[in-house]
Amino acid sequence: MTTLPGVRRRRSRLVWRNTVVGWTFILPNFAGFAALTLVPVVVLFYVAFTNWNVFGVADWTGLANFRRMIHDASFRTALQNTVYYTVLHIPLTLAASLGLALLLNRKLRGLGFFRTAAFFPYITSIVALTYVWNLLFSPEYGPINGFLRAIGIAHPPGWTTSADWSMPAVIIVGTWREMGYYMLLYLAGLQTIPAELYEAARVDGANAWQRFRSVTLPGLRPTTFLVAVLLTIGSFKVFDVILLLTNGGPGQSTLVLSQFIYQKGFVENQFGYASAVSIVLFAICFLVTAIQFLVNKRRNA
Amino acid sequence: MDTTLVAPPAGAGELVVPGRRRRRPRNRVWRALGYLAMLVAAAALLLPFYWMVMSSLKTNNEVFTIPIKWVPDSAVWHNYLDIWQKSQMTTWLRNTLILSVAVTALQVLTGSFAAYGFAKVRFPGRDLLFLGYIGTIAVPWQSYMIPQFILMSKMHLSNTLWSIIFLQAFGAFGVFLMKQYYESIPDELLEAARIDGLSEYGIYRRIMLPLSVPAIASLTLLTFVTTWNDYLGPLIYLRSPDLRTIQLGLSTFIAQYNAEYALIMTGSVLSVLPIAVIFLLGQRYFLEGIATTGLKG
C-alpha cells in the first residue's frame with residue numbers, strides 16, 4: 001500500500017512523457033495540416049457570412065449570401081447538375097467495378113496485365129485524358145460517332161457540343177477513369193471472403209445466384225460501404241473533369257457546384273458568396289456520408 | 001488484421017474454383033466470360049491511350065480521317081522535336097519535378113513520423129486527434145479552397161511554388177497509410193528495443209523505418225504521381241507563366257494552339273510518359289498502397 005502513491009506518480013510522469021513524445025512525432029505534420037486544412041475550414045464558416053471580395057473588405061452580412069443563393073438560378077442549375085452526375089455516376093461505377101471484379105476473380109491468364117491496364121486511367125493526368133476524350137467525342141469526325149454510324153445509328157449524339165448529351169459524356173469519362181480503381185478495392189474485398197462459405201453454400205444446394213446473394217454480397221459489405229462513401233464524396237466534388245472536358249457548357253448544361261464555387265471565387269472574386277456555396281457543398285457531403293455511416297451501422301447491428 | 005493485400009500473382013483468386021473439384025462445363029463458360037469481359041474492358045480502358053500515342057505520330061490532317069486510321073501512314077517523329085521549340089516544355093517539366101520531389105519528401109517524412117506517434121505512442125487524446133485527421137479526408141478540398149487561398153495570399157505564398165508544396169505536403173492521407181502499416185508491426189519488437197535503452201526516436205529510425213520500406217515506397221509513388229498530375233492547385237495558385245507545371249502548361253498550350261491536334265497529343269504523351277514509367281516499375285507498391293488505404297483493418 002505504501003508504494004501506491006509512488007507508482008501513481010511514476011505513471012503520471014509516464015503519461016506526461018508519452019504525451020510529449022507523441023506530440024513531437026505528430027507535430028511536424030500536424031502544424032502544416034492545421035494551418036492549411038483545419039484553419040481554412042473554420043475560416044470558411046466566417047467568410048461565408050461576409051461580403052469578402054477582392055479588396056479584402058469584409059462586412060458581416062449575416063445570411064444575405066444564403067438568401068441570394070436561393071434566388072440564384074445558376075446556383076440551382078449547378079446543384080441539379082451535381083445531383084444528376086452523382087445519381088448516375090455512383091451506380092454505374094459501382095456496378096462496373098463490382099461486375100469486373102467478379103468476372104476477374106478467378107484464375108485467368110493475363111490478369112496481372114489487366115490489373116495494370118485498369119488502374120492506368122486513374123493515374124494519368126486529367127488534362128491529357130480530357131483532351132483525348134474530347135477529340136474521341138467529336139461529333140463529325142470523332143471515332144466514337146464513327147463507330148456508332150458504322151453500327152447503323154444515323155444521327156449519333158453531339159456529346160460535348162450538345163446540351164442534352166454533354167452530361168452523359170462527362171459521366172462516361174468519369175466512370176471510365178475510376179472503375180479500375182474501385183475494381184481493385186473489390187478484388188481485394190473478394191479475397192477476404194473465406195472459401196469455406198462458398199463450399200458450405202454449395203453443399204446446401206445453393207445455385208450461383210443464391211451464392212452471390214447470400215455469400216458474396218454480405219461478405220463484400222465493408223468494401224461496398226467504403227466504395228459508396230468514396231464515390232459519393234468524389235461525385236459531389238466533381239470538378240477537374242468537367243472544367244477541362246466541357247467547361248460547364250454548352251450553356252450551363254454541365255455546370256456543377258465545385259465549378260460554380262471556382263467561378264464565383266477565383267474568376268469573379270466574390271469570396272463571401274463562393275464560401276457560402278462551399279458550405280452547401282460541405283454540408284451535402286457531410287450529411288450523405290453521415291447517413292451512409294448510420295445505415296451501415298444499423299445493418300451491422 | 002490482414003490489412004495489406006500483397007497483390008496476388010495473376011490468378012490467385014481461388015474463391016470460385018475450388019481445387020479438387022473437376023472442372024464442370026459451367027465453370028468453363030464462366031472462364032470464357034471472364035476472358036471476354038477482360039478483353040472488352042481492356043480495350044475500352046486502353047484505346048484512348050493508343051489513340052493518343054498514334055495521333056502524336058501523325059500529321060495534323062491525319063488525326064481526323066474517315067474511316068479512322070489506327071496506324072499512321074508513316075510515323076511522324078518531328079512532333080517530338082517541334083514541341084520543345086513551340087512550348088516551354090522544359091520549364092514546365094522542371095517546375096513539376098521540383099514540386100513533386102519536394103512534396104513527396106515532406107509528405108513521406110512528416111507522414112511517417114506522425115504515423116509512428118499515432119500507432120505506437122500511447123497518450124491521452126491521441127485517438128480523438130486521429131479521428132479529426134481522418135474526418136478531413138471526407139471533406140472535399142473544393143469546399144475550403146477559397147479560405148485556404150485567402151490565407152495563402154495573406155502569407156504572400158500564392159503565385160510561388162511554395163503554395164503548392166504547402167498545399168500537398170501535409171495531407172492526412174500519408175499519415176493514414178503509414179499508420180495502417182505500422183500497426184501490423186508487433187509491439188513486442190518495440191518493447192524489446194525500449195528495454196535495450198533505445199529512445200522512441202531511435203526506435204522509429206532504427207526499427208520502424210527499415211521495416212516499413214514497402215509502405216514508404218507506396219506512399220512515395222502515390223504522392224509523386226498525385227503531385228505530378230495535380231491540375232487544380234496550380235490552376236488556382238500559379239499565375240506566372242514561368243511557374244507553370246506540366247499540367248497547367250499543357251492546358252494553356254491546348255487553349256493557344258487548339259487546332260494543332262498532333263502536337264497537343266505529343267505534349268500529352270510527354271506529360272503521361274514519366275508517370276507511366278514510374279507506375280510500371282513500381283506497380284506492386286501502387287496496388288498495395290491502394291489496398292491498404294482502401295481496406296482499413
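The basis for the numbers below is simple: all heavy atoms, side chains too, and nothing from hydrogens, waters or symmetry mates. Here is the naming used below: chain letters follow the sequence lines, and residue numbers restart at 1 for every chain. Every value quoted in this text rests on a predicted model; they were computed, and no experiment measured them.
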Mind ranking B:Ser271, B:Ser143, B:Ala37 by heavy-atom pairs under 4.5 Å with chain A and telling me who comes out on top?
B:Ser143
Sidechain-backbone polar pair: A:Thr175 side chain, A:Ile172 backbone, donor-acceptor under 3.5 Å:
no
Looking only at the side chains, is there a donor atom on one of A:Thr24 and B:Tyr201 sitting less than 3.5 Å from an acceptor on the other?
yes
Only pairs of heavy atoms separated by less than 4.5 Å count here; which of B:Val272, B:Ile264, B:Val139 has the most with chain A?
B:Ile264
Measure A:Leu197 against the heavy atoms of chain B and call it side chain, backbone, both or neither at under 4.5 Å.
neither
By a 4.5 Å heavy-atom criterion (distance strictly below it), what part of B:Met145 contacts chain A: side chain, backbone, both, or neither?
both
One option among A:Val227, A:Leu136, A:Leu257, A:Val280 has the most heavy-atom pairs under 4.5 Å with chain B, and it is A:Leu136
One option among B:Phe166, B:Tyr116, B:Tyr35 has the most heavy-atom pairs under 4.5 Å with chain A, and it is B:Tyr35
State which residues pass ring-ring contact (aromatic ring centres under 6.0 Å, His included) with A:Phe236; sequence neighbours excluded, sorted by chain then number.
none
Exercise: do B:Gln148 and B:Trp141 side chains pair donor with acceptor under 3.5 Å:
yes
Partner chain A: residue of B:Met152, B:Met38, B:Arg126, B:Glu200 with the largest heavy-atom pair count (under 4.5 Å)
B:Met38
Given 3.5 Å as the limit, does a donor-acceptor pair link the side chain of A:Asn29 with the main chain of B:Ala114, or not?
no
Should the pair B:Lys120 and B:Tyr182 be classed as cation-pi, given the thresholds of under 6.0 Å to the six-membered ring centre and 45° from the axis?
no
Ring centres under 6.0 Å, that's the criterion: do B:Phe170 and A:Phe30 meet it?
no
Closest non-hydrogen atoms of A:Ala274 and A:Lys264, given as atom of the first, atom of the second and distance, are CB-CB, 3.9 Å
Non-hydrogen atoms of chain A under 4.5 Å away: do they reach the side chain of B:Leu280, the backbone, both or neither?
side chain
Show the nearest heavy-atom pair for residues A:Met183 and A:Ala101, with the distance to one decimal.
CG-N, 3.8 Å
At a 4.5 Å cut-off on heavy atoms, which part of B:Val175 comes close to chain A: side chain, backbone, both, or neither?
side chain
Less than 3.5 Å apart, any donor N or O on the side chain of B:Gln142 or A:Tyr262 sitting next to an acceptor on the other?
no
Intermediate values then yes/no, ring-ring contact (aromatic ring centres under 6.0 Å, His included), B:Phe224 and B:Phe279:
CA-CA 10 Å; B:Phe224 189 91; B:Phe279 175 62; over 10 Å; no
Comparing A:Val43, A:Thr289, A:Thr37, A:Val47 against chain B, the one with the most heavy-atom pairs below 4.5 Å turns out to be A:Thr37
Leading residue by heavy atom contact count with chain A [cutoff under 4.5 Å; candidates B:Ser268, B:Pro48, B:Pro140]:
B:Pro48
Classify the side-chain pair A:Ser275/B:Tyr144 by whether it contains a donor and acceptor separated by less than 3.5 Å.
no
Flag for B:Gln247-A:Ser125: side-chain donor and acceptor within less than 3.5 Å
yes
A:Thr82 OG1 to A:Leu281 CG distance, which is reported to the nearest 0.5 Å:
8.0 Å
Strictly by modelled atom types, are A:Asn247 and A:Gln259 linked by a side-chain donor-acceptor pair under 3.5 Å?
yes
Okay, B:Tyr133 and chain A: the region with an atom under 4.5 Å from a heavy atom over there is both
Does any heavy atom of chain A fall under 4.5 Å from the side chain of B:Leu106, the backbone, both, or neither of them?
neither
Where does B:Tyr261 contact chain A at under 4.5 Å (heavy atoms): side chain, backbone, both or neither?
both
For chain B, which candidate among A:Val20, A:Thr116, A:Asp240 shows the most heavy-atom pairs at distances under 4.5 Å?
A:Thr116
With a 4.5 angstrom heavy-atom cut-off, could you sort out which part of A:Leu129 is near chain B: side chain, backbone, both or neither?
side chain
List the atom of A:Pro121, the atom of A:Ala117, and the distance in Å for their closest heavy-atom pair.
CD-O, 3.2 Å
Residue from A:Trp133, A:Phe119, A:Phe286, A:Tyr182 scoring the most non-hydrogen pairs under 4.5 Å with chain B is A:Phe119
Give me the atom names and distance for the closest heavy-atom approach of B:Gln168 to B:Gln107.
O-OE1, 3.8 Å
Sort B:Ile246 into side chain, backbone, both or neither according to what part of it lies under 4.5 angstrom from a heavy atom of chain A.
neither
Considering only heavy atoms and a distance below 4.5 Å, find which of B:Val269, B:Val225, B:Leu129 pairs most often with chain A.
B:Leu129
Under 4.5 Å from any heavy atom of chain B, what part of A:Ala96 do you find: side chain, backbone, both or neither?
neither
In terms of heavy-atom proximity below 4.5 Å to chain A, should B:Ser251 be classed as side chain, backbone, both, or neither?
both
Side chains of A:Thr224 and A:Tyr186: any donor to acceptor distance under 3.5 Å?
yes
Which bit of A:Ile233 is near chain B, if near means a heavy-atom gap under 4.5 Å: side chain, backbone, both or neither?
side chain
Under the criterion side-chain contact (heavy atoms from CB on, under 4.5 Å), which of B:Phe130, B:Phe113, B:Phe123 is the partner of A:Ile26?
B:Phe123
Those residues of residues 228-237 of chain B, ordered by number, that approach chain A below 4.5 Å (heavy atom to heavy atom)
B:Asn229, B:Tyr231, B:Leu232, B:Leu235, B:Ile236
Checking heavy atoms, do the side chain of A:Leu100, its backbone, both or neither come under 4.5 Å from chain B?
side chain
Can you tell which part of A:Ile279 gets under 4.5 Å to a heavy atom of chain B, answering side chain, backbone, both or neither?
neither
Chain B interface, residue from A:Val41, A:Leu36, A:Thr130 that has the most non-hydrogen pairs under 4.5 Å
A:Leu36
Sort A:Leu243 into side chain, backbone, both or neither according to what part of it lies under 4.5 angstrom from a heavy atom of chain B.
side chain
Contact class of B:Ala276 relative to chain A, heavy atoms under 4.5 angstrom
both
Looking only at A:Leu135, A:Val277, A:Leu38, A:Leu27, the option with the highest number of non-hydrogen pairs under 4.5 Å against chain B is A:Leu135
On a heavy-atom basis, which atom in B:Ala169 and which in B:Thr110 lie closest, and how many Å separate them?
O-OG1, 4.1 Å
